[in-house]
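To keep things clear, I will list the structure first and then write my remarks on it.
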Amino acid sequence: MRTDLASEIVRLTGQHLWLVGIALALAILMGVPLGILAARRPATSRWLLGLASVVQTIPSLALFGFLIPIPLLGGIGPRTVIVALVMYALLPILRNTYVGILSVDAAVCESAVAMGMTDRQLLRYVQLPLASRTVIAGIRVATVTTIGTATIAAAIGGGGLGVFIFRGVASVDTAQILAGAIPAAAMALLADNGFGWLERKLSPA
């Protein structure tokens, strides 16, 4: 029985990592460019940040309920979970990218332009490197939050460690709840420490 439980923990942890990894990759691919766009177009930043903030206020189960009927995006299973996780992860990544770009010293940017840098070169070689620590901080927050939120995936057949938690709550089985909660908490702590280390490495000496 213990062997079966251990193998199931490994399997569901793998599913959990897959859900979180795909969602974060998509959120980064969307959030960083949108953050850059918001920093360069103040009029756009208001509705981009506002929309992302509104999504954060929607309870996760309610968001699943809104997404399930939508063709292509919705349905029962991992696809809906990933879409919801991406939406939740967007705000910290978008906002920190926006803040990071705006926090770059204007004098540094002016000097780079005076040296003949194009707008794209300014972004690539000056603004993004200087904003990288702030961007990583946003990804760090998004990662830890996504790991926790992904436990709700089991509610709509998305798999992951939430399967243990829901099963344990339904049967009032503490061991089942811990089998899901402990690996999820360990993943969150490892991710937080890993990104924290990266932030420190990117800090100016």
Side-chain angles (χ1 to χ4, degrees), residues 19-60 62-64 66-67 70 73 80-150 152 187-205:
L19 289 170
V20 171
I22 295 295
L24 281 173
L26 292 173
I28 291 168
L29 287 173
M30 295 170 61
V32 172
L34 287 174
I36 294 169
L37 177 66
R40 298 198 163 197
R41 297 184 181 178
T44 306
S45 67
R46 295 179 183 177
W47 66 266
L48 275 176
L49 292 169
L51 183 61
S53 298
V54 168
V55 171
Q56 288 282 326
T57 67
I58 303 173
S60 52
L63 184 57
F64 289 156
F66 293 143
L67 290 173
I70 299 176
L73 293 179
T80 302
V81 174
I82 289 171
V83 172
L85 292 178
V86 169
M87 293 173 72
Y88 280 127
L90 266 179
L91 179 61
I93 297 173
L94 193 163
R95 182 174 54 199
N96 276 46
T97 303
Y98 169 74
V99 171
I101 296 294
L102 289 184
S103 66
V104 176
D105 193 338
V108 174
C109 296
E110 289 171 5
S111 298
V113 171
M115 292 172 62
M117 280 192 179
T118 63
D119 197 47
R120 183 172 295 182
Q121 289 173 329
L122 175 65
L123 176 65
R124 182 177 178 182
Y125 297 114
V126 178
Q127 292 175 317
L128 281 178
L130 292 175
S132 59
R133 187 186 176 199
T134 306
V135 175
I136 292 296
I139 295 173
R140 178 184 183 181
V141 171
T143 302
V144 174
T145 303
T146 302
I147 290 170
T149 307
I152 310 296
M187 288 167 55
L189 287 171
L190 286 171
D192 187 58
N193 288 332
F195 281 111
W197 174 84
L198 187 56
E199 279 186 63
R200 291 191 294 274
K201 293 291 287 184
L202 292 172
S203 298

Verdict with supporting geometry, L90 and V55, side chain to side chain contact (heavy atoms under 4.5 Å, CB included): CA-CA 9 Å; L90 266 179; V55 171; over 6 Å; no
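In this structure, I36 and L128 have side chains that are in contact, with non-hydrogen atoms separated by less than 4.5 Å. P92 has its side chain within reach of Q56: a pair of non-hydrogen atoms, C-beta onward, lies under 4.5 Å apart. At least one side-chain heavy atom of Y88 sits less than 4.5 Å from a side-chain heavy atom of L63. Side-chain contact between I82 and L19 is present, with at least one heavy-atom pair separated by less than 4.5 Å.
Under a 3.5 Å cut-off, the side chain of T145 and the backbone N or O of A142 do not form any donor-acceptor pair. Listed for the Y98 side chain is no donor-acceptor partner under 3.5 Å among the backbone atoms of L49. Distance alone, capped at 3.5 Å, is enough to place a donor-acceptor pair between the R140 side chain and the D192 backbone. Between the side chain of Q121 and the main chain of T118, a donor-acceptor pair closer than 3.5 Å is present. Between the side chain of T149 and the backbone N or O of T146, no donor-acceptor pair lies under 3.5 Å.
In terms of heavy-atom proximity, V144 sits nearest to A188 at CG2-O, 3.9 Å. V86 and A23 get closest at one heavy-atom pair: CG2-O, 3.4 Å. In terms of heavy atoms, I152 sits closest to F64 at CG2-CE1, 3.5 Å.
Interatomic distance, OG1 of T57 versus CG of L91, reported as 10.5 Å (0.5 Å rounding). To the nearest 0.5 angstrom, L198 atom CG is 4.5 Å from I136 atom CD1. To the nearest 0.5 Å, the span separating CE on M117 from SG on C109 amounts to 10.0 Å. Between the CD1 atom in I93 and the OG1 atom in T143 there is a gap of 7.0 Å [rounded to 0.5 Å]. One distance of note links CE of M87 with CZ of F66; it measures 10.0 Å at 0.5 Å rounding. Distance check, rounded to the nearest 0.5 Å: CG of L189 to CD1 of I147 gives 9.0 Å.
Applying the side chain to side chain donor-acceptor pair (under 3.5 Å) definition to pairs two or more places apart or across chains, those involving residues 28-50 are R40-D119, R40-Q127.
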